[in-house]
Each structure stands twice: as structure tokens, then as C-alpha cells.
Amino acid sequence: MLKRLFGAGLAALAGVAFAAGASAQTLDKIKSRGVLVVGTKADYKPFGFRDPSGAIVGFEPDIGKEVADKLGVKLELEPVVSSNRMQFLQQGKIDLMIATMNDKPDRRQVVGIIDPLYYACGVNVLASRKAALKNWEQLKGQKVCGIQGAWYNKPVAEKYGADIVAFKGQAEAETALMQGNCIAWVYDDTAFAERLADAKWKDYEMPLETILEEPWGVAVKLEEREGPWGQFVAKTLEDMHRSGRMIELEKKWNIPASAYLKKMNAEAKAKTKTN
């Protein structure tokens, strides 16, 4: 019995050592090659999108740039979507994922979501004004466009009876909505706010009460969360909250002032005073 327990203990210690070693190797690898590869959205203005030259820019690429600058390396951005962002991280195609991902318990079992979290959004719908939507219950039995991999597709379908038609990306969902294939498009309220400022969407609205507000998390590989790489990212995010850098980026990209960022700024400052 003691022999088995001793063996199990050694195996556990070996696992910890392996995880720590893998994490150290990742941080060293980034420094060695002089490049940090960050997975980010390229279709989610203003958080991550392509400018006229085709370069990916936005709030989240700027966070990636902050991490790269602190490491003294160049930044390389890899476009991801909701359906592949965690896989890209697991497969080592990216070193860091900053891609509008809500922090959910099941996702923390797959990737290393870093604390502190960095932003928050809720869920709403974009719909033609002609649809005259007033409440979520009106979605019952209706086809509603969605995005593959969005965690809220299931609760919206179960609670409100919506028939979710999930697309790979935003462009496909937009087209389906405009062609009348869906009564509405369910997605992050932050994504719709930007669209509604564009004359292209003058006949559409975000008519319902925002629900299911959840924070967003930056992620590393699961085994790296507590190691040197995860700790480095965590400290960078905490510094950005404390200094007000996150709020500066919000203003830079003309994002409406977020109560969440104000709260995180205050908490980071308070933590400094107590340490």
C-alpha cells in the first residue's frame, strides 16, 4: 500500500515538474526565436479586425503588443475564430490567445485562462426593425443566426426555444441575416454596438435586454497557466489594469466606457496598496 502511494506521489511530482518544464520551455522558446505568436480575431471590430492594408489591428492585438514589448520580442498575429481558437492553442500554433473568449468553467479544463480577466460583454441580438422584437420569448421556434463555438448558443436555444443556425464566422452570419434566413443574429453585444454606428445597419437594431454578461480571458496552454509563461502574462495584465492602460486602449478604439474596466482598475490599485 505504502509502495503504491509512494509511486503515485512520485508520478504526481513528475507531472508537476513536467508542466513547469514545458512552461519554462515555452517562455524560453518565445525569447529565443524573438517572436510572440498571438491568436486573435480578424473579424470583430474594434477588438480585432483588418485595416485597409490587411493588417490585423484593434484592442486585443494591442494587448498582445504590450506582452511582446515587455518580452522584447516581435509580435505575430494569427487570425482565429471561436470554433478553432482553443485548438490552435493546444496544438502550439499560437503561444497566447486573446480572442474575445468568455471565461467558462468547462473552458478552464481545456486551456489556461489567465487571471486577471481583461474585458466583459453580454449577449443580445441584431435584428431587422421590421421583426419588431421586444423580448427574448419571441425567438421561440424561430431560426436565429449564431456563431460556431459560442457558449451561449445552447442556453438561448434551451431557455427561449430559438432554433440556432450556427455559422463559422461573422461574415456568413451577417449575410444570412440580411438575406432573411434568420429572424435575428445572437452574439456579443459589443460586436453589435460597432455595427449599429454604421449606416449600413440603419434598418437594424439591438432591441432586447442584454443577458448573460461574462468576462473575457486571455489564455495559454493549460499546463502553462501556473508556470513562468502564465505568470508573466498574468503580471502584464495586472499591470495594464493598475496603470489604466486597458482604459487607454478602450478610448483609443472608441469603445464605450466599460464599468468592468473601471472596476478592474480600482481593484488592481487597491491590491497594490495592501501589498
Shared ILVMFWY cluster between [X] and [Y], side chains joined below 4.5 angstrom?
{"X": "L222", "Y": "V110", "value": "no"}
{"X": "I147", "Y": "L212", "value": "yes"}
{"X": "I247", "Y": "V218", "value": "yes"}
{"X": "W201", "Y": "L133", "value": "yes"}
{"X": "V81", "Y": "L89", "value": "no"}

Are K41 and Y44 in a cation-pi contact, defined as NZ or CZ under 6.0 Å from the six-membered ring centre and within 45° of the axis?
no
Can you list the residues that meet the disulfide (SG to SG under 2.5 Å) rule with C145, with sequence neighbours excluded?
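By the disulfide (SG to SG under 2.5 Å) rule, C145 matches C182.
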Specify the closest pair of heavy atoms between [X] and [Y], including all atoms of both residues, with the distance to one decimal.
{"X": "Y118", "Y": "A99", "result": "OH-N, 4.0 Å"}
{"X": "A68", "Y": "L75", "result": "CB-CB, 4.0 Å"}
{"X": "V144", "Y": "I183", "result": "CG2-CG2, 4.1 Å"}
{"X": "K202", "Y": "R129", "result": "O-NE, 3.1 Å"}
{"X": "A219", "Y": "V111", "result": "CB-CG2, 4.0 Å"}
{"X": "A127", "Y": "A184", "result": "CB-CB, 3.9 Å"}

For the atom pair [atom1] ([X]) and [atom2] ([Y]), what is the distance rounded to the nearest 0.5 Å?
{"X": "T236", "Y": "H241", "atom1": "OG1", "atom2": "NE2", "value": "11.5 Å"}
{"X": "K235", "Y": "I114", "atom1": "NZ", "atom2": "CD1", "value": "14.5 Å"}
{"X": "M240", "Y": "K70", "atom1": "CE", "atom2": "NZ", "value": "8.5 Å"}
{"X": "D62", "Y": "L249", "atom1": "CG", "atom2": "CG", "value": "5.0 Å"}
{"X": "M97", "Y": "Q87", "atom1": "CE", "atom2": "CD", "value": "9.0 Å"}
{"X": "L36", "Y": "E76", "atom1": "CG", "atom2": "CD", "value": "9.0 Å"}

Does a donor on one side chain sit under 3.5 Å from an acceptor on the other, for [X] and [Y]?
{"X": "Y187", "Y": "Q170", "answer": "yes"}
{"X": "D188", "Y": "Y152", "answer": "yes"}
{"X": "S53", "Y": "D51", "answer": "yes"}

Salt bridge flag under 4.0 Å for residues [X] and [Y]:
{"X": "E267", "Y": "R242", "result": "no"}
{"X": "D103", "Y": "R107", "result": "no"}
{"X": "K140", "Y": "D163", "result": "no"}
{"X": "E248", "Y": "K251", "result": "no"}

Side chains of [X] and [Y]: does their closest heavy-atom pair fall under 4.5 Å?
{"X": "N181", "Y": "V165", "answer": "no"}
{"X": "C121", "Y": "N102", "answer": "yes"}
{"X": "V38", "Y": "D95", "answer": "no"}
{"X": "Y204", "Y": "M178", "answer": "yes"}
{"X": "E66", "Y": "R245", "answer": "yes"}
{"X": "R108", "Y": "R225", "answer": "yes"}
{"X": "L126", "Y": "L196", "answer": "yes"}
{"X": "V186", "Y": "V156", "answer": "yes"}

Within a 6.0 Å radius of atom NZ on K104, are there more than 12 heavy atoms belonging to other residues, nucleotides or ligands?
yes
Should the heavy atoms of other residues, nucleotides or ligands under 6.0 Å from CD of E137 be counted, would the total exceed 12?
yes
Is the centre of the F47 ring less than 6.0 Å from the centre of the W253 ring?
no
Measuring centre to centre across the rings, with the benzene-like ring taken for any Trp, is F59 within less than 6.0 Å of W216?
no
Worked verdict on I211 versus W136 for side-chain contact (heavy atoms from CB on, under 4.5 Å):
CA-CA 10 Å; I211 59 172; W136 286 90; 3.6 Å; yes
Does F167 form a side-chain contact (heavy atoms from CB on, under 4.5 Å) with Q148? I'd like the steps, not just the answer.
CA-CA 6 Å; F167 296 90; Q148 292 174 11; 5.7 Å; no
Apply side-chain contact (heavy atoms from CB on, under 4.5 Å) to Q142 and Q138, showing your working.
CA-CA 8 Å; Q142 302 278 6; Q138 287 177 265; over 6 Å; no
Evaluate side-chain contact (heavy atoms from CB on, under 4.5 Å) for R85 paired with T100, printing each intermediate quantity in order.
CA-CA 10 Å; R85 57 193 171 186; T100 70; 3.8 Å; yes
Please confirm whether the backbone N or O of [Y] pairs with a side-chain atom of [X], one donor and one acceptor, at under 3.5 Å?
{"X": "T175", "Y": "A171", "result": "yes"}
{"X": "E78", "Y": "V37", "result": "no"}
{"X": "Q109", "Y": "D106", "result": "no"}

Sequence neighbours left out, what passes side-chain hydrogen bond (donor to acceptor under 3.5 Å, both in side chains) with Y119? Give chain and number order.
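Per chain and number, Y119 pairs via side-chain hydrogen bond (donor to acceptor under 3.5 Å, both in side chains) with E250.
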Taking only residues two or more places apart in sequence or in another chain, which ones pass side-chain hydrogen bond (donor to acceptor under 3.5 Å, both in side chains) with N153?
none
Pick out which of T190, T210, D189 makes a side chain to side chain donor-acceptor pair (under 3.5 Å) with N124.
T210
